[in-house]
Amino acid sequence: MIKAILVFNNYGKPRLSKFYQYFNEDMQQQIIKETFQLVSKRDDNVCNFLEGGSLIGGSDYKLIYRHYATLYFVFCVDSSESELGILDLIQVFVETLDKCFENVCELDLIFHVDKIHYILNELVMGGMVLETNMTEILSRIEEQNKLEKQEAGLAGAPSRAVSAMKNMNIPQQLKDMKLPDLPQAIKELKF
Amino acid sequence: MALKKVRGNIERMFDKNLTDLVRGIRNSKENEAKYIAQCMEEIKQELRQENIAVKATAVAKLTYLQMLGYDISWAGFNIIEVMSSSKFTYKRIGYLASSQSFHTDTDLLMLTTNMIRKDLNSQNQYDAGVALSALACFISPDLARDLANDIMTLLSSTKPYLRKKAVLMMYKVFLRFPEALRPAFPRLKDKLEDMDCGVQSAAVNVVCELARKNPKNYLSLAPVFFKLMTSSTNNWMLIKIIKLFGALTPLEPRLGKKLIEPLTNLIHSTSAMSLLYECINTVIAVLISISSGMPNHSASIQLCVQKLRILIEDSDQNLKYLGLLAMSKILKTHPKSVQAHKDLIMICLDDKDESIRLRALDLLYGMVSKKNLMEIVKKLMVHMDKAEGTVYRDELLVKIIDICSQDNYHFITSFEWYVSVLVELARVEGMKHGPLLAHQMLDVAVRVKAIRPFAVGQMSLLLNNAHMFMQPSGGSNMANVLYAAAWICGEYANELEKPEETLFSMLTGKVHSLPGHIQAAYVQNIMKVLSIILSKGDIQQSIKVCKRVSDKLAQYVSSGDLEVQERASAALQLISYIHKELENGDADDICTQVAYLFNGELNPVAPKAQRKVQVPEGLDLDQWINEPLQSSSESEDENQSDDHSNFFNLGGFDKKEEEENISSTVEQVEKNRKARLYEQENNPNYLKLNSSIDQTCDIPITSIDLPTSLNVSGFVSSDKYIKAKKEKKDKKKSKKKKKGINHFEEEEEEIAIEMVVNRDIGEMPDGAEDSDGAIDVQKDINDPHTALDIDLDVPEIERPPPVEEKKHKKKKKEKEKKKKSEKSKKLKKLDKSDQQLIDIKQGYEEALGICTPSKEIVQAEDLSFGKLAMDKYILLEYKIDPKNELSNLATVFFRLTNVGNNCLIKNIEIDVTNSTAIQFLDEKNEPLSWYKLNNNIQCGSLTEFDLSLRVENISIPNTLRGTLTYMAQNFQDDNFHQDKLDWRLSVAVSDMFLKAAPSVPLVELLCNGLLVYKSSIILSGTNFNQVINWFSTKLHLVLVERVGETASLYGSNASSEQLCLLVKSNLNNVSVEAKCTSQTLVNNLMNEIKSTYNL
């Protein structure tokens, strides 16, 4: 089981938090903080598994994370999950985001956290892995987006125009942050 | 400028959306909280509006704020409103918000039942999809119960997307509503073979989660999984299946044997590291579970270790980490194979990655031998100096102690070295394992008699330098070693070189800054040391010491700790008395009397000893001795005792034990002590004689005084021992070179331990045995998986209602009350005979344990064999023992006795006329019609053998015919006599009864309406006791309860048939009434009773 999925930036600012076990808001913030402290002090060339989160789980739980440019993607899982499998899942998640947002960057996560959630919901459900095939995931997301567009129809036009205008002043160069090249070893772990 | 104005207008026209909120927060970095508070107000306004679009936007914003740590549960109702919108866009927003903020205990959930049901059955699969995703996050027991059927329906939806989600959802339903598992299980099983790969994978996932906690229930699915494993190419699913097999193999070794081959193939063929790793893991699990029955598994182990070595050597840190992790699993069963890779593991110890170092540390545990222990520990100590993080340092300390103390210090060749290591560890700053170290010091000093002089020397140095431990550095609790130091110096004070010096080091210095329990230990041990000084007989000196001690003890009397105050006051009084006596010139007398105070040796106490102390009759530990006072001081006391508890445990004492001791009288204590002394004298494991004391290292070696605070002259460095050992080794080597022989074993022998270690588990109270009983295993009641422990292969019977489980948590009294009221309700429904059965039980109600066997009749275990056939040479006897776990199998024990007159019996063979109804089986579970006994039977002796018996229907009596052929060699006339003996083995229904007590109380069994078939019989001309005896010994029934001349008995067989008997004594006969789940069984049993009774 996956107990929580956390995404935060290099300064510990949460960009996405999904808990599959109930914690109140204060506790959630503490967990994010603790996880950030544990993960951020590690070098980039050490292993991606970490034990010792005290707030979430206990002895059976592990933190499995990946660090991309400015963001940390952390999965808190128990021993029924395969460590390397979860690393691949994070990869699938990020690649899916990349496909959906065209060169995903931190700003996409900041402004579209709802969409990120919808994407995540196609990968993981209630702490269990739902789908790992990226084509399948993308087609599901696409169909739901289509549904949303249909519903918006004409009525949505003015609000879309407004939001388009609002978005005009987002500096384009911020969009240029790219995913780092993945190590070859990870690429080989194909599903 | 103009554009800005226009934009402002439009913004006012359209409400702030999520993007605006995020941007706003980013722009107001200085007073974010204020800005958010303002937004919250706006959101509250928006939620009051009718327009669902506005509400949805507000809820979306709330979801974002929730991530930042704001509580949004107040908006629960609005979230539900948005969820119930007919538009997918809004619905999705609502469900997302609910999944983030709702949880199982949210009250509002009861409002959602119908709405969710509607969405689940929606035409649009994505409506159901988002509902399922959210429901998985917050499903409550009520929702699970109400929606279980709807979700089950979705399992057979035409859309794979929904089937997949529904399958996963079922797991959440099971967790909250375990009753759903049984009916849903067959469908779940079908989904394992769904045509859609995603659905299959989801089903595998769910079964894996279920099987992780209760694997035995899912063994029956093994063939399906095996098929999937060999056919599927989906790595995700394969990983899960292989993990599942890892959990199943310990339960079924045959499965493991079958798995080895396909798994090894996968290991060779797969390119996916994740799959390779899981395969290795499962192969390891398999090998662990079948390590005995497999001849050539060393090849598999070698393969695993080889592959793991490749992983560990990989540059990818992740693979390295996992490789080490798996290696540690192999280590437990095949240490030899891992030891071959010691070099690699030592390298990993130096890795820059802490996770990897920790894993390598784990492995070290199994790497040590007598030869390399010192070297390894030395290496770890170096690491300790270098390590920055305290976590890693603490871990190192624990590991060093673990490694050294394993197997009762099996690998330690020099205890002086070990004590110096401990002292060195104590001097490392900022550690938090003081109590552990203290415990080790005590343990070594108590167990290894020969080390005491050395230990005492080191400990007194620690006491002299107590100031080192008093720096209030954050989190360190190293001061605890002073507790051990004081105790060791006090207890073995006769070994002290300069007792006066040690005595005063405990009296002077800033002792009041030490924790209370250490001060208390100080006071006690000051007295012990003092008594040794007195015993030396130098009166002038003694008087001087007494005076000084009583001066200094004053500071303890004013201690803030009650315990210290109390002990110090008592000690002070005692000293002033001694002082007076000494001055009166009565020195000899008082000195010997003081010595008596601390006479006798303390021995290690077994960890379980406390629990094994028998509660004296008539003592109720739960009863108040004095009613508790309503004062605040009570809680204070409690805190204190908590602080100290671990230290009292060190000495084997505990508050509770003290309480018990109060109740036992002085004579008893004396008696117990005598008994113990006697036992010690006769016990070879106790050390009685003084073993020769090694004096060589007694002289402390002064090291160069460096101006570092932690370097104290007198502490022996542990390095010294390593050097000494090396020299010894070198010498030996040179000797060997001369001889030209290299005897490995010889060397191992040479470094055998020089000191005797008391490796006993420790003292136990008289009459108690050290059993690793089930007392230690306590099930976690809060674990939802315990409720899922349902045996799916057995049809639903007498399972106690789930309410029962919760009841355990409540207090005893409540439980009792509830039970009684429940019972009175049930009583009304029952007929007369059941009523009587229950009446019996009520007499016993205060015992609380319901199915405890009666104390009045000790049930005689049936050990007797029954006669099967006999002639003048041979006697054939038999006994039938049903196998509990396998339904219709039993073991038949045969006993052949040579009853002939001075003859030898040989060539014994047994022929059986098997039928499908009843047959003997061989090892391969094939019918066995012929059995040859390989041994001969000497005159007057006997031989035993057993065979498996299979009975088609165990509810009816069966008969099996056979012959026994043998040859008897008569020594008197040297004649050979060959003969054949016919026998008839009748297996009655009672023979197949399992001798197990009812799993639920008899009352419940009678209430649940399964025992529908009745029968009764009246036996005249016998008495009640005879009948009960006969039933429990010959008919294998279990006596559940007996009150006066009425008793209830219980029987069950492996086809889950159950039977209750009520036996009553009337004026001149005994009546037996039976109720059973099967008509056949009860009739046959009654027939059996009748026929055997008439005999």
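Letters go in sequence order (proteins before strands), and every chain restarts at 1.
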Region of [X] in contact with chain A, defined by heavy-atom distances below 4.5 Å:
X: B/Thr63; value: neither
X: B/Leu275; value: neither
X: B/Val167; value: neither
X: B/Asn124; value: side chain
X: B/Tyr277; value: side chain
X: B/Leu325; value: side chain
X: B/Glu278; value: side chain
X: B/Leu18; value: side chain
X: B/Lys320; value: neither

Side chains of [X] and [Y]: is there a donor and an acceptor less than 3.5 Å apart?
X: A/Glu122; Y: B/Tyr161; answer: yes
X: B/Thr89; Y: A/Glu148; answer: no
X: A/Glu25; Y: B/Tyr70; answer: no
X: B/Lys240; Y: A/Ser82; answer: no

Margin query: Counting only heavy atoms from other residues, nucleotides and ligands, does the tally under 6.0 Å from NZ of B/Lys352 exceed 12?
Written below: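 Yes, because the 6.0 Å sphere around NZ of B/Lys352 holds more than 12 heavy atoms from other groups.
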State whether the side chain of B/Glu209 and the backbone N or O of A/Met1 hold a donor-acceptor pair below 3.5 Å, judged by distance alone.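 Such a contact is found between B/Glu209 side chain and A/Met1 backbone.
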message = Between B/Asn318 and A/Asn48 (side chain of the first, backbone of the second, donor and acceptor by atom type, cut-off under 3.5 Å), is there such a pair?
response =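 Yes, the answer is positive, given that a donor and an acceptor are paired below the 3.5 Å cut-off.
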So which of [options] has the biggest tally of heavy-atom pairs under 4.5 Å with chain A?
options: B/His103, B/Met169, B/Arg92, B/Met67; answer: B/Arg92
options: B/Leu68, B/Ile356, B/Val206; answer: B/Leu68
options: B/Lys172, B/Gln125, B/Lys165; answer: B/Lys165

### Query
Measuring heavy-atom distances to chain B, does A/Gln144 have an atom under 4.5 Å in its side chain, in its backbone, in both, or in neither?
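Both parts, backbone and side chain.
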Quick check for you: to the nearest 0.5 Å, what is the distance between B/Tyr126 atom OH and A/Arg140 atom CZ?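 That separation rounds to 4.0 Å.
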